[in-house]
Amino acid sequence: MSQAEAFPKAAEGKLADTRLRATLRGATHTIRDRRTAVVAEVGDWEDLRELGRTVKEEALADLGSLLARFEERATAAGATVHWARDAAEACRIVADLITVTEVVKVKSMATQEIGLNEALAARGVHAVETDLAELIVQLADDKPSHLLVPAIHYNRSQIRDLFDASIAAGVDDDPAALAEAARLHLRERFLTASVGVSGANFAIAETGSLVVVESEGNGRMCLTLPDTLISVVGIEKIVPRFADLGVFLRLLPRSSTGERMNPYTSIWTGVTPGDGPQAVHIVLVDNGRTRVLRDPVGRQALHCIRCSACLNVCPVYERVGGHAYGHTYSGPIGAILAPQLTGGHRSLPFASTLCGACYEVCPVKINIPEVLVHLREPPPAEQPVMGAVSAVLSRPRWYRAGLRLARWFAAMAPARRLPWPLSRWTAVRDLPRPEQETFRDWWTRTHGRT
Amino acid sequence: MGARGPGTAREEILARIAAAAVPPARAPRPQAAIREGSTVMLAERIAEYRATVVECTDADLADVLAELLAETVHLVVPSGLPPEWLDRCSMDAVADSPKHPLTAAELDRPGTSVLTGCAVAIARTGTVVLDGGPGQGRRLLTLVPDHHICLVRPGQTVDDVPDALAALPDPARPLTFVSGPSATSDIELRRIEGVHGPRRLNVVIMGDR
């Protein structure tokens with residue numbers, strides 16, 4: 001399947017899955033209502049969004065020196081900082097640091113993006129996903145379909161069947177019982193793990209600290225109990241100052257889970273003697289980010305804090321789910337991030353109605369519709385057509401002549417379908433018929449010349 | 001170790017960033033002074049996360065703790081906790097110290113409770129922040145036991161997250177922000193309290209008297 005056709009083909013299949021659509025609709029509406037309620041109680045929400053955007057813009061403008069400062073501070077605090085140009089290099093660095101056969105993992109978009117679990121498996125290391133939704137997806141040998149709720153496409157009876165067959169025979173479909181089953185399954189692994197692998201929500205240049213925002217406590221387990229901690233961090237996660245967290249920790253939980261605050265946020269700086277991992281590694285990953293940085297319009301996609309608010313309000317995401325996008329990052333943010341990070345996925349910028357709901361909810365004010373339009377390069381065949389249309393529309397005389405021609409054509413050929421190759425266009429929409437009388441004609445006829 | 005010098009990943013990535021030539025951007029306005037927070041709001045908002053909140057005074061603290069610890073078999077405390085807090089408790093507290101650190105397996109025993117203070121509390125979000133200072137202990141202590149009692153002393157409550165960050169004495173200490181008991185919303189977006197962290201969280205807010 002060609003890249004250009006990938007999304008429409010995948011979407012067609014997903015649209016036919018009525019159970020998926022019902023599950024997605026229920027979930028996205030629940031979460032967007034929750035978000036609306038907690039955002040409404042912040043009086044200065046719009047100022048806060050602007051502040052979030054400003055800090056991210058500042059961070060990207062000064063990215064090189066902030067990364068160097070982060071490296072210097074984290075190293076001084078006892079961490080080891082590694083740099084990786086691409087996914088393969090990042091995976092190799094992580095794999096070389098691991099000498100055991102099993103590691104515990106915190107949910108992380110960056111590690112999913114670089115295909116870390118697969119790379120570790122090839123080296124004989126099993127990465128145990130410890131976030132409940134990631135565990136569900138891993139047990140099902142499936143892929144996540146939502147940035148925040150990776151198993152959003154599963155309902156409770158599907159999860160029950162999965163757990164019954166794998167980790168908890170005889171469990172019932174009460175969500176509390178399912179969560180308890182996951183707790184019991186993972187407890188022993190947490191207490192015996194010697195290596196933890198995480199991502200990070202933020203990396204603070206001023207202090208060399210990393211931040212992980214989570215709910216279940218699996219993150220705290222992975223960040224605290226193992227002897228060795230390896231964190232894979234995209235270079236765009238950098239923020240200049242510790243105080244900047246005051247902006248993002250107010251924006252993120254309300255935008256993502258619709259909570260005033262998520263249950264647990266962990267912040268650590270290198271190694272703390274006697275508390276937590278005594279070997280701390282940080283892998284700073286480029287993997288296409290500097291490519292995005294080069295585009296003055298597109299680089300705002302790097303402001304993303306992965307809250308997933310844009311997925312939950314998107315009419316396209318709600319109907320097709322995350323898998324149709326064919327990349328780790330789905331929904332509106334995926335539609336602008338995936339093509340820019342990879343240079344492929346050219347159909348994704350068209351996976352939008354440009355309704356603008358994503359821009360409205362984005363906590364860091366990424367103008368997603370603007371970038372979508374920017375990335376929609378018209379196919380070569382369309383360019384001369386659009387050029388001709390533009391020439392006609394900008395000349396009143398040509399326009400009137402064109403209109404007469406169109407009326408004549410419509411009278412000659414009343415069918416609302418065009419012959420090939422234009423039939424591809426009329427296959428999904430009716431050919432518009434020109435009005436018999438325009439407003440100007442009507443005005444002239446009834447009021448005379450002005 | 002991150003290698004340096006020409007041809008290394010580090011130099012190449014930094015060169016790519018420089019080549020992108022992103023125009024300079026302004027820094028945001030600086031942080032305002034620390035605002036005090038309402039303990040009433042703090043109590044309300046913590047309770048909304050389905051943690052138990054008890055408000056008390058110096059005089060009845062020991063009684064309140066004794067009641068919260070009624071079902072506890074093993075009580076664990078960090079070093080630096082004021083000893084008089086435990087005057088009325090029936091069981092002996094085991095102190096975790098650098099000399100005698102408790103293991104994860106010991107902390108995982110059924111019926112284990114941990115009692116700590118906090119560094120600062122955030123009213124608007126219903127959050128307690130632990131920074132490993134005196135009376136708070138290692139991160140492990142407040143994570144593995146199934147029951148955590150956290151004390152908020154007078155003057156420790158600030159208004160919002162920026163105030164809490166400014167109030168922390170040292171941002172480089174390991175920090176944990178706790179807003180209610182561990183929870184998940186991964187199954188049909190239904191919130192369930194109690195996954196891997198302590199399933200019972202009691203926050204004791206001490207009044208100003």
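In what follows, every chain begins at residue 1, and chains take the letters A, B, ... in the order their sequences are listed. It should be emphasised that the depicted structure is a prediction, and the values quoted were computed from it without experimental measurement.
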Check whether [X] gets within reach of chain A through its side chain, its backbone, both or neither, counting any heavy atom under 4.5 Å.
X      : result
B:P174 : both
B:L175 : both
B:L168 : side chain
B:D160 : side chain
B:E48  : side chain
B:P198 : both
B:T8   : backbone
B:A18  : neither
B:T142 : both

At a heavy-atom separation under 4.5 Å, does [X] approach chain B through its side chain, its backbone, both, or neither?
X      : answer
A:T272 : side chain
A:T130 : backbone
A:R73  : neither
A:N262 : backbone
A:A27  : both
A:D174 : side chain
A:T30  : side chain
A:I235 : side chain
A:N155 : both
A:L293 : both
A:I282 : neither
A:R160 : neither
A:A77  : neither

Exercise: identify the closest heavy-atom pair between [X] and [Y]:
X      : Y      : value
B:P162 : A:G246 : CG-O, 3.7 Å
A:G217 : B:L143 : O-CD1, 4.1 Å
A:L225 : B:A104 : CD2-CB, 4.2 Å
A:A61  : B:A25  : CB-N, 3.7 Å
B:P171 : A:S209 : O-OG, 4.4 Å
A:G276 : B:R139 : CA-NH2, 3.6 Å

Heavy-atom side-chain contact between A:Y154 and B:E188 under 4.5 Å: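 In short, these two side chains do not touch, never coming nearer than 4.5 Å.
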Is the closest side-chain heavy-atom distance between A:L67 and B:I17 below 4.5 Å?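 Heavy-atom side-chain distance check passes, below 4.5 Å.
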Test side chain to side chain contact (heavy atoms under 4.5 Å, CB included) on B:Y49 and A:M261; report intermediate values, then the result. CA-CA 10 Å; B:Y49 295 126; A:M261 192 59 110; 3.6 Å; yes
Working note: B:V161 + A:L245, criterion side chain to side chain contact (heavy atoms under 4.5 Å, CB included); need CA distance, chi angles, decisive distance, verdict. CA-CA 8 Å; B:V161 183; A:L245 288 181; 5.9 Å; no
Rounded distance (nearest 0.5 Å) linking atom [atom1] of [X] with atom [atom2] of [Y]:
X      : Y      : atom1 : atom2 : result
A:Y264 : B:T127 : OH    : OG1   : 12.0 Å
A:I267 : B:T176 : CD1   : OG1   : 8.5 Å
A:I136 : B:D186 : CD1   : CG    : 6.0 Å
A:M221 : B:L140 : CE    : CG    : 8.5 Å
A:L132 : B:H196 : CG    : NE2   : 7.0 Å
A:T224 : B:R138 : OG1   : CZ    : 10.5 Å

Quick one about B:S182 and A:E216 (side-chain donor to acceptor, distance below 3.5 Å, no hydrogens or angles considered), yes or no?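 Short answer, no.
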Test: [X] and [Y] ion pair at under 4.0 Å:
X      : Y      : result
B:D146 : A:R183 : yes
A:E259 : B:R191 : yes
A:E180 : B:R199 : yes
A:R187 : B:D108 : yes
A:E41  : B:R45  : yes

For B:E11, look at atom CD and say whether over 12 heavy atoms of other residues, nucleotides or ligands are found less than 6.0 Å away.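 Above 12, so yes.
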Using a 6.0 Å cut-off, check whether atom CZ of B:R35 has over 12 heavy atoms from anything other than its own residue. yes
Between B:E12 and A:T290, is a side chain to side chain contact (heavy atoms under 4.5 Å, CB included) present by the stated rule, with each step listed? CA-CA 10 Å; B:E12 202 173 307; A:T290 49; over 6 Å; no
Using modelled atom types only, decide if a donor and an acceptor are shared between the side chain of A:R220 and the backbone of B:V144 within a distance under 3.5 Å. no
Quick one: does B:R16's side chain have a donor or acceptor within less than 3.5 Å of a partner on A:R291's backbone?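 Judged by distance alone, no pair lies under 3.5 Å.
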Tell me which of these, A:E214, A:E57, A:H281, A:R250, has more heavy-atom pairs under 4.5 Å with chain B than the rest.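 Ranked by heavy-atom pairs under 4.5 Å with chain B, first place is A:R250.
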